[in-house]
There are 2 protein chains.
Amino acid sequence: MKDVISEILKNNQLSVTENRLKILELFQKNGKALSHGDIEKMSGKHFDRVTIYRTLQTFVDKGIIHTIPTADNSIMYALCKDTCSEGHHHDDHVHFLCEECGTTYCLDNVTIPQVTIPKGFSVHQTNVLVNGICKNCR
Amino acid sequence: MKDVISEILKNNQLSVTENRLKILELFQKNGKALSHGDIEKMSGKHFDRVTIYRTLQTFVDKGIIHTIPTADNSIMYALCKDTCSEGHHHDDHVHFLCEECGTTYCLDNVTIPQVTIPKGFSVHQTNVLVNGICKNCR
DNA sequence: TTAATTTTGCAACACTGTTGCAAAACTTTA
DNA sequence: TAAAGTTTTGCAACAGTGTTGCAAAATTAA
């Protein structure tokens with residue numbers, strides 16, 4: 001397990017540090033999107049706030065995790081699929097936010113529908129956020 | 001003009017104050033989504049920060065404006081259509097963010113496409129955010 | 001005009017995120 | 001394995017964003 005995570009770091013030309021291993025492990029274990037605050041709590045205040053911010057930013061830059069826009073003004077992060085690389089994200093899936101438990105899921109199998117945009121507008125990226133109740137909360 | 005805005009306030013059981021008139025007027029004039037910061041600047045520092053926050057919150061509660069989730073962790077607000085009322089928003093349109101000028105548009109004529117969600121999940125609301133270049137910036 | 005209610009501004013605070021810099025950890029090389 | 005070079009971390013300090021309590025001011029109702 002640790003080895004697999006180490007590999008991810010090495011493949012991205014990143015030093016293997018306790019902090020990075022721990023944060024990547026949290027994403028792998030939880031299988032859902034996490035906020036900076038979530039990680040700070042889960043890591044048992046072991047790492048400095050600033051370090052966590054920088055680590056998340058590094059991971060986003062490297063295409064290891066992606067950010068998810070949310071309605072309540074908090075940035076969420078989730079693991080990318082293998083198709084993402086440095087500077088090139090391909091996270092074309094729908095995000096689901098459960099209003100009951102607050103969990104944010106990446107629905108990897110649900111693709112973004114085509115949206116027809118008025119003449120004169122050109123589209124780079126489309127984000128779809130769905131709010132509702134997840135399968136564990138009903 | 002002022003009278004129309006006053007009416008909106010009265011219809012929602014809100015006192016007609018200089019602050020509220022000004023903020024509603026800014027939304028009407030600009031015809032695009034505004035952040036708290038935008039309003040603070042545009043109102044010429046005439047009103048207290050706190051007052052602006054509270055006014056925006058009041059308007060959201062009353063169904064006069066709605067919030068727009070954004071990727072960069074800032075809350076945007078835009079006028080609702082007449083179909084919204086206290087506690088019942090019906091803002092089922094696509095939002096477009098121009099990466100050039102930063103303007104957020106409500107594309108009222110573009111309806112949210114149907115998204116197929118896995119079994120066990122129930123949907124309350126769907127938000128679609130499109131990033132790209134708007135018609136004024138190309 | 002006065003009384004009752006609502007809204008505002010101020011002060012103070014909490015939370016989130018950023019930057020610079022020296023110390024510590026990690027990687028590379030021999 | 002140890003030393004040198006590089007990267008990462010923790011600390012301190014700060015900026016921006018948003019919230020709360022409370023007394024003063026403005027608005028509405030009488």
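Protein chains get the first letters and strands the later ones, always in sequence-line order, with residue 1 at the start of each.
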Between [options], which one does the side chain of [X] approach most closely?
| X | options | value |
| --- | --- | --- |
| B:L14 | C:dG17, C:dT7, D:dG18 | C:dT7 |
| B:T17 | C:dT7, D:dG10, C:dT16 | C:dT7 |
| B:V50 | C:dT8, D:dT8, D:dT20 | D:dT20 |
| B:S15 | D:dT28, D:dT9, C:dT16 | D:dT28 |
| A:R20 | C:dG9, C:dT8, D:dT8 | D:dT8 |
| B:T55 | D:dT19, D:dT9, C:dT8 | C:dT8 |

Subject >> Lys/Arg N to Asp/Glu carboxylate O, A:K29 vs A:E25, below 4.0 Å >> reply: yes
Original post:
Using 4.0 Å as the upper bound for N to carboxylate O, is an ion pair formed by B:K81 and B:D108?
Top reply: yes
Original post:
Using 30° and 60° as the class limits, which term best fits the ring planes of B:H90 and B:H88: parallel, tilted or perpendicular?
Top reply: parallel
Subject >> OP1 or OP2 of D:dT8 under 4.0 Å from side-chain N/O of A:T51 >> reply: no
Original post:
Are B:R49 and D:dT17 close enough that a side-chain N or O sits under 4.0 Å from OP1 or OP2?
Top reply: no
Using whole Å, what does the distance between atom [atom2] of nucleotide [N] and atom [atom1] of [X] come to?
| X | N | atom1 | atom2 | answer |
| --- | --- | --- | --- | --- |
| B:Y53 | C:dC15 | OH | P | 16 Å |
| A:Q57 | D:dT9 | CD | P | 14 Å |
| B:H46 | C:dG9 | NE2 | C1' | 13 Å |
| A:D61 | D:dT8 | CG | C1' | 15 Å |
| A:L56 | C:dG17 | CG | P | 10 Å |
| B:I23 | C:dT7 | CD1 | P | 13 Å |
| A:D48 | D:dC11 | CG | P | 6 Å |
| B:Q13 | D:dT28 | CD | P | 13 Å |

Original post:
Do you know which two heavy atoms are closest between B:K135 and B:Y105, and how far apart they sit?
Top reply: NZ-CE2, 4.5 Å
Subject >> Same apolar cluster: A:I112 and B:L97, side chain cutoff 4.5 Å >> reply: no
**OP:** Between B:E40 and B:V16, name the one whose nearest nucleotide on DNA chain D is closer to the 5' end.
**Re:** B:E40
Original post:
Taking for each residue the nucleotide of DNA chain D with the nearest heavy atom, is it B:E18 or B:R54 whose nucleotide lies nearer the 5' end?
Top reply: B:R54
Original post:
Given that A:S74 and B:N19 both sit by DNA chain C, which one's nearest nucleotide is further toward the 5' end?
Top reply: B:N19
